[in-house]
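Every chain is numbered from 1 and lettered A, B, ... according to where its sequence line falls, protein lines coming before strand lines.
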2 protein chains.
Amino acid sequence: MHFGERIRELRESQGLLQRQLAANLEIDTPMFSKIERGERKAKREQVLKIAEILKASEQELLALWLADQIKEIVTDEDQALQALKIAQKDINQANTK
Amino acid sequence: MHFGERIRELRESQGLLQRQLAANLEIDTPMFSKIERGERKAKREQVLKIAEILKASEQELLALWLADQIKEIVTDEDQALQALKIAQKDINQANTK
DNA sequence: TTATATTAGCCAAATATTGACAAGTCATAA
DNA sequence: TTATGACTTGTCAATATTTGGCTAATATAA
């Protein structure tokens, strides 16, 4: 489940239209459509705004949004999982220090 | 340990100079210096070439190079670890399918 | 049909990345 | 001290990527 899929779920479950969300984000509908389909990446501030509009968890949406970007970097790389593991370790180290 | 640190280790252990590596990569020495210090990101093809020149494991260097990019995305994000976990799961799913 | 929602494709503006250059530091040798 | 060599810093232009808007196409429904 990527970010776009999730916000589409939330949007549809609340009976909202793309153009309503788009207007709130001050982008046009085609752009919002692309974000939902994962063709374009939302900006961080847009993620926060979307969470607010859809009364969704900011943390959940940010996590999905970050995960999309991570996946984009490592997909088709043989070392994908190893790279993730290294990053994980380094971040844990930074946190505990 | 990030990518730059590792290649510096390898380079120095072999008594090579930055300008020798730089010449091989067809960039100038300041640029190579920045790559070693992590101020600039190497291009994928440069990573491969560096592995070759330093007789190092292409896989190891690619993994470090990818990890650097992942860290850049998630550092300072509260959801960093959660995002990594999501990405990990998604990649595993893609691999087993 | 007509109207509304969504998607596709293309283009320009804005932004980010890359590399080169000049000048700087630092250490060591003459 | 001066000179030299290795490396670093800062800035700039060229290039590439991203972002968003526009128009047109496709669906879906009344």
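- For the OP1/OP2 pair of dG10(D) and a distance below 4.0 Å, the side-chain nitrogens and oxygens of R40(B) include no atom meeting the criterion.
- Looking only at side-chain heavy atoms (C-beta outward), I7(B) and V47(B) stay at 4.5 Å or farther from each other.
- Rounded to an integer number of Å, the gap from CZ of R37(A) to C1' of dT26(D) is 12 Å.
- Reading DNA chain C from its 5' end, the first and the last nucleotide to sit under 4.0 Å from a heavy atom of chain A are dA5(C) to dC10(C).
- Counting only heavy atoms from C-beta outward, the side chains of M1(B) and E9(B) approach each other to under 4.5 Å.
- The Q18(B) side chain lies nearest to dC7(D) when the options are dT19(D), dT9(D), dC7(D).
- Heavy-atom nearest nucleotides on DNA chain D were determined for L17(B) and for P30(B), and the one closer to the 5' end corresponds to L17(B).
- Nucleic acid contact for E12(A): none, since no nucleic acid atom lies under 4.0 Å from a heavy atom of the residue.
- Non-hydrogen atoms lying under 4.0 Å from DNA chain D are contributed by nothing in residues 45-56 of chain B.
- One atom, CZ of R44(B), and another, C1' of dT17(D), lie 19 Å apart when rounded to the nearest Å.
- Between R19(B) and the phosphate of dA6(D), there is a side-chain N or O to OP1/OP2 separation shorter than 4.0 Å.
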Working for side chain to side chain contact (heavy atoms under 4.5 Å, CB included), residues W65(A) and Q46(A) | CA-CA 11 Å; W65(A) 174 77; Q46(A) 293 172 328; over 6 Å; no
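- Here dG20(D) presents its C1' atom at 8 Å from NZ of K34(A), a figure rounded to the nearest Å.
- Atoms CD (E36(B)) and P (dC7(D)) sit 8 Å apart, rounded to a whole Å.
- Atom CD1 in I27(A) sits about 8 Å away from atom C1' in dG20(D), given to the nearest Å.
- Going from atom CZ of F32(A) over to atom P of dG21(D) covers 14 Å, rounded to whole Å.
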